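Data first, discussion second: the structure below is written as structure tokens.
All of these numbers come straight from a predicted model, not from anything done at the bench. One-based numbering along the sequence shown.
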Amino acid sequence: MTAWRPSASLEMLRDRALLLSQVRQFFAERDVLEVDTPVLSHAANPDAAIDSIHALVSPAGGSEASLNCYLQTSPEFSMKRLLAAGSGPIYQLCHVFRDGESGRWHNPEFTMLEWYRPGFDMQQLMDEVETLMRELLPASSGPAERIDYHTLFRRCTGVDLRRASASEIRRLAADYGVVLPERNPDEGLVEILFDLATESWMREREGVIVHQFPCSQAALARLRDDDPSVALRFEYYYRGVELANGFQELSEPVEQQRRFNAENSLRERLGKPRMPLDEHFIAALRHGLPDCSGVAAGIDRILMLRNRRNEIADVLAFPFSRA
């Protein structure tokens, strides 16, 4: 029986250590502070596309009922509380947890790099993400191709999202063989079609930054002042694999609360439980979040690509199947 053994080689574990060292050096040179925030929280992420892992925590002495808690899906809310408290630019390397995510590119527990830059707009953060990725993926050559979401969707499908009706989008889904559920057939359909339609185009390119997402796909991003149908969100892809997801951050507490409530309502329509909201985070927004942009990147996927590995288990000491 060999299940006790690590699934990653010793050479891979050494490269993981090297990569983490490179990340820390990158931010040390830019005077960005490394921080550490809780993995376990009383609140959860209400995003309908992400499911938190539930944990029961017994109070000291065991005299009271256990508390419902959740493992973090991202350190975002805690890090924004630090920003509101005056931390300045910060980053974090941490383990995060998402239920129902297993496969070639997914493990329920994975390593995330997340950082925030007060005073940066989305364009400045896109530049910094590209600089970091070129250091971590030295095989990449030349600048990343930058293209807005709507332009790329139209290029790959021939459909203009700004003018397409729901019936046109459903017909396009049929062309791609997407089976629509009876309940909420249009929910998330554009995202699914975008992934399917752009997959081969993305795989042919080393670096791509897709930006200016539809507002429906950015629960934590600001909207463009001149066009509120567009969110200030971007994603970085390498050979078709999404490595980073960033925003020019929403800082308005009433709007953030509204979006959280909308996500919880969507969860109910999808048959998922409502998630308890992070009231500390909302209070931090009320106090005042500085204008900033932030991004999260998947360390394990970066390791896979820079070592030309096809399975996430190849870069983890112990994937969930051996945990």
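- Under the 3.5 Å distance criterion, the side-chain polar atoms of S165 are matched with a main-chain donor or acceptor of E168.
- Side-chain contact between R267 and D47: absent, with no pair of heavy atoms (C-beta onward) separated by less than 4.5 Å.
- Heavy-atom neighbours of H54 NE2 from other residues, nucleotides or ligands within 6.0 Å: above the threshold of 12.
- The side-chain contact (heavy atoms from CB on, under 4.5 Å) test with Q92 is passed by exactly one of L82, L113, T37: T37.
- Looking only at distances, no side-chain donor or acceptor of R308 sits under 3.5 Å from a matching main-chain atom of M304.
- Figure legend: R81 and F77 shown without cation-pi pairing, the cationic atom not lying both under 6.0 angstrom from the six-membered ring centre and within 45 degrees of its axis.
- You'll find the side chain of V32 stays beyond 4.5 Å of the side chain of Y116, heavy atoms only.
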Report the C-alpha distance between Y238 and I302 in whole Å, list the side-chain angles of each, state the deciding distance to 0.1 Å, and finish with yes or no for side-chain contact (heavy atoms from CB on, under 4.5 Å).
-> CA-CA 9 Å; Y238 184 87; I302 295 171; over 6 Å; no

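- Once rounded to the nearest 0.5 Å, the distance linking CD1 of I50 with CG of N45 reads 5.0 Å.
- When side chains are defined from C-beta on, Y236 does not count as touching N245, because their heavy atoms never get closer than 4.5 Å.
- No more than 12 heavy atoms of other residues, nucleotides or ligands sit less than 6.0 Å from atom CZ of F320.
- Looking only at distances, a side-chain donor or acceptor of S7 sits under 3.5 Å from a matching main-chain atom of L316.
- L270 and A48 get closest at one heavy-atom pair: CD1-CB, 4.1 Å.
- Side chains of H106 and R301: a donor on one and an acceptor on the other come within 3.5 Å.
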Name each donor-acceptor pair under 3.5 Å that joins a side chain in residues 192-199 to protein atoms two or more places apart or in another chain, with its distance.
residue: T198; atom: OG1; partner: F194; partner atom: O; Å: 2.7
residue: E199; atom: OE2; partner: R203; partner atom: NH1; Å: 3.1

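- At least one donor-acceptor pair closer than 3.5 Å links the side chain of D121 to the backbone N or O of Q123.
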Residue pair L220, Q256: steps toward the side-chain contact (heavy atoms from CB on, under 4.5 Å) verdict | CA-CA 7 Å; L220 291 151; Q256 186 64 81; 3.2 Å; yes

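- Between E145 and R205 there is a salt bridge, since a side-chain N of the basic residue sits under 4.0 Å from a carboxylate O of the acidic one.
- Between V39 and H95 the shortest side-chain heavy-atom distance does not fall below 4.5 Å.
- Hydrophobic clustering (ILVMFWY, side-chain heavy atoms < 4.5 Å, transitive): V241 and I209 are in one cluster.
- Looking at N261 and Q257, their side chains come closer than 4.5 Å, going by heavy atoms from C-beta outward.
- Under a 4.0 Å N-O distance rule, the pair K272/D51 qualifies as a salt bridge.
- With salt bridges taken as basic N to acidic carboxylate O contacts below 4.0 Å, one links R162 and D227.
- Nearest approach of C156 to Y176, heavy atoms of both residues: O-OH, 3.8 Å.
- In this structure, F247 has its ring center at least 6.0 angstrom away from the ring center of F120.
- Clustering ILVMFWY residues whenever any of their side-chain heavy atoms sit less than 4.5 angstrom apart, transitively, puts F318 in a cluster other than the one holding L13.
- Of all the heavy atoms in G88 and P118, the pair that sits closest is C-CG, 3.9 Å.
- Contact check on R146 versus E130 returns a salt bridge, with a Lys/Arg side-chain nitrogen under 4.0 Å from an Asp/Glu carboxylate oxygen.
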List the steps and the verdict of salt bridge (charged side-chain N to carboxylate O under 4.0 Å, His left out) for D15 and R306.
-> CA-CA 10 Å; D15 194 48; R306 86 181 201 161; 2.8 Å; yes

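- Counting heavy atoms from C-beta outward, F213 and H211 have side chains that stay 4.5 Å or more apart.
- The cluster map of Ile, Leu, Val, Met, Phe, Trp and Tyr, joined by side-chain heavy atoms under 4.5 Å apart, puts L132 and L137 in the same cluster.
- A salt bridge links E255 with R259: at least one charged nitrogen is closer than 4.0 Å to a carboxylate oxygen.
- At a cut-off of 3.5 Å, with distance as the only test, no side-chain donor of D300 or N107 sits close to an acceptor on the other residue.
- Between the side chains of S293 and E249, no donor N or O sits under 3.5 Å from an acceptor N or O.
- V210 and L125 fall into different hydrophobic clusters, where Ile, Leu, Val, Met, Phe, Trp and Tyr residues are linked whenever their side-chain heavy atoms come under 4.5 Å apart, directly or through other members.
- Screening Q217, R233, Q212 for a side-chain hydrogen bond (donor to acceptor under 3.5 Å, both in side chains) involving Y149 leaves a single residue, Q217.
- A side-chain N or O of E34 and one of Y91 form a donor-acceptor pair less than 3.5 Å apart.
- No hydrogens or angles considered: a donor-acceptor pair under 3.5 Å links the side chains of E128 and W115.
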Just do the side-chain contact (heavy atoms from CB on, under 4.5 Å) check on R274 and E263 with the steps written out, would you?
-> CA-CA 9 Å; R274 294 179 69 90; E263 285 293 318; over 6 Å; no

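- Residues E235 and Y237 have side chains that bring a donor and an acceptor to within less than 3.5 angstrom of each other.
- Distance alone, capped at 3.5 Å, places no donor-acceptor pair between the R104 side chain and the I312 backbone.
- The side-chain heavy atoms of I53 and Y70, taken from C-beta on, include no pair separated by under 4.5 Å.
- Contact detail for D314 and M12: the closest heavy-atom pair is O-CG, 3.4 Å.
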Should V159 and L172 be marked as a side-chain contact (heavy atoms from CB on, under 4.5 Å) after you check the CA-CA gap, both sets of side-chain angles, and the distance that decides it?
-> CA-CA 9 Å; V159 173; L172 184 63; 4.1 Å; yes

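- For the residue pair S41/Q72, the side-chain donor-acceptor check at 3.5 Å is not satisfied.
- Between M79 and I90, the shortest heavy-atom contact is O-CD1, 3.5 Å.
- Using a 4.0 Å cut-off between charged side-chain N and carboxylate O, D226 and R224 make a salt bridge.
- If you check the side chains of S251 and R222, you find a donor sitting under 3.5 Å from an acceptor.
- Side-chain contact annotation: Q25 with E29, donor-acceptor N/O pair under 3.5 Å present.
- What you find for I299 and L19 is that their closest heavy atoms are CD1-CD2, 3.7 Å.
- Contact check on K80 versus E76 returns a salt bridge, with a Lys/Arg side-chain nitrogen under 4.0 Å from an Asp/Glu carboxylate oxygen.
- Side-chain contact between R16 and V315 is present, with heavy atoms from C-beta onward closer than 4.5 Å.
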